[in-house]
Amino acid sequence: QLVESGGGLVRPGGSLRLSCAAAGFSLDSYAIRWFRQAPGKEREGVSCISSSSRTTIYSGSVEGRFTTSRDTAKKVVYLQMDNLKPEDTAVYYCAAGGLPTGSGNGLCGRVENYRGVKVWGTGTQVTVSA
């Protein structure tokens with residue numbers, strides 16, 4: 001099970017930090033992805049960090065504003081979101097899993113990849129509004 005936290009209401013230009021923690025298994029061998037879904041819109045891949053933390057990738061809509069990182073000691077993955085915009089409003093989900101191949105569990109591939117996801121979180125709401 002994955003549990004997200006840190007969502008909430010923030011004004012445009014503000015910041016939030018989302019956390020993703022695992023219960024019952026270790027995140028260490030997984031690439032960890034963040035997705036989001038706004039009402040009436042398709043799910044969008046936001047970011048991915050590889051199991052080694054050497055690779056981080058972002059969607060074009062958040063590049064330069066969002067940063068994902070991994071604290072291996074605390075076994076938590078973060079999504080730091082700065083300069084938030086109203087269009088960032090969505091439910092944010094973390095997901096564990098890399099490429100849908102036997103050896104690709106720790107690799108990101110493309111940011112929108114979801115076929116290799118093994119575990120999904122339940123989501124946390126982020127609302128950006130004045």
Side-chain angles (χ1 to χ4, degrees):
Q1 181 183 0
L2 290 174
V3 180
E4 303 95 337
S5 60
L9 173 64
V10 64
R11 298 191 180 209
S15 297
L16 284 174
R17 188 177 76 164
L18 304 184
S19 300
C20 175
F25 71 101
S26 172
L27 297 177
D28 291 352
S29 63
Y30 292 90
I32 302 299
R33 303 179 179 278
W34 288 93
F35 293 88
R36 67 185 182 186
Q37 189 163 21
K41 294 189 176 181
E42 293 188 355
R43 180 178 56 206
E44 176 188 7
V46 174
S47 69
C48 180
I49 183 167
S50 63
S51 59
S52 68
S53 299
R54 284 197 289 266
T55 298
T56 55
I57 57 173
Y58 302 91
S59 67
S61 60
V62 307
E63 181 87 48
R65 299 188 296 121
F66 290 13
T67 304
T68 187
S69 61
R70 182 191 292 265
D71 186 328
T72 54
K74 294 184 179 179
K75 301 187 183 301
V76 177
V77 173
Y78 300 105
L79 183 66
Q80 177 67 40
M81 306 186 295
D82 298 319
N83 191 21
L84 282 160
K85 303 176 180 180
E87 52 264 41
D88 295 317
T89 295
V91 177
Y92 284 71
Y93 301 88
C94 67
L99 301 178
T101 61
S103 60
N105 204 43
L107 303 176
C108 286
R110 298 170 67 89
V111 70
E112 66 268 25
N113 279 350
Y114 66 91
R115 297 183 190 278
V117 171
K118 305 293 193 304
V119 185
W120 288 91
T122 55
T124 185
Q125 176 70 46
V126 171
T127 303
V128 185
S129 175

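Nothing fancy with the numbering, it's 1 onward along the sequence. Predicted, not measured: the structure shown is a model, and the values here were computed from it.
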Same cluster (ILVMFWY, side-chain, under 4.5 Å), F66 and V126: yes
Residue list, salt bridge (Lys or Arg N to Asp or Glu O under 4.0 Å) with R110, at least two apart or on another chain: E112
Heavy-atom donor-acceptor pair, R33 side chain to C108 backbone, under 3.5 Å: yes
Sidechain-backbone polar pair: E4 side chain, T122 backbone, donor-acceptor under 3.5 Å: yes
Cluster check L2, L18: I/L/V/M/F/W/Y, side chain < 4.5 angstrom: yes
Value rounded to 0.5 Å, distance of OG1 in T56 from CZ in R54: 12.5 Å
Stepwise side chain to side chain contact (heavy atoms under 4.5 Å, CB included) test for M81 and V10: CA-CA 11 Å; M81 306 186 295; V10 64; over 6 Å; no
Set of residues satisfying salt bridge (Lys or Arg N to Asp or Glu O under 4.0 Å) with respect to R17, sequence neighbours excluded: none
Test item: T67 and Y78 side chains (from C-beta on) under 4.5 Å apart, heavy atoms: no
Partners meeting ring-ring contact (aromatic ring centres under 6.0 Å, His included) with F25 (sequence neighbours left out): Y30
Contacts of type salt bridge (Lys or Arg N to Asp or Glu O under 4.0 Å), residue D28, not counting sequence neighbours: K75
Cluster link L16 to V128, ILVMFWY, side chain under 4.5 Å: yes
Donor-acceptor pair, side chain of S50 and main chain of T55, under 3.5 angstrom: yes
P12 side chain near P86 side chain, heavy-atom distance below 4.5 Å: yes
I32 reachable from Y58 in the ILVMFWY side-chain graph, under 4.5 Å edges: yes
W34 and C20, any side-chain heavy atoms less than 4.5 Å apart: yes
Common cluster, L84/L79, ILVMFWY with side-chain heavy-atom separation under 4.5 Å: yes
Using atom types as modelled, flag every donor-acceptor pair under 3.5 Å from a side chain in residues 113-120 to any protein atom, sequence neighbours excluded.
unit_1, atom_1, unit_2, atom_2, d
K118, NZ, N105, OD1, 3.2
K118, NZ, G116, O, 3.2

Which pairs of donor and acceptor atoms, one on a side chain in residues 40-49, lie under 3.5 Å apart (sequence neighbours left out)?
unit_1, atom_1, unit_2, atom_2, d
E44, OE1, R36, NE, 2.9
E44, OE1, R36, NH2, 3.3
E44, OE2, S61, OG, 2.9

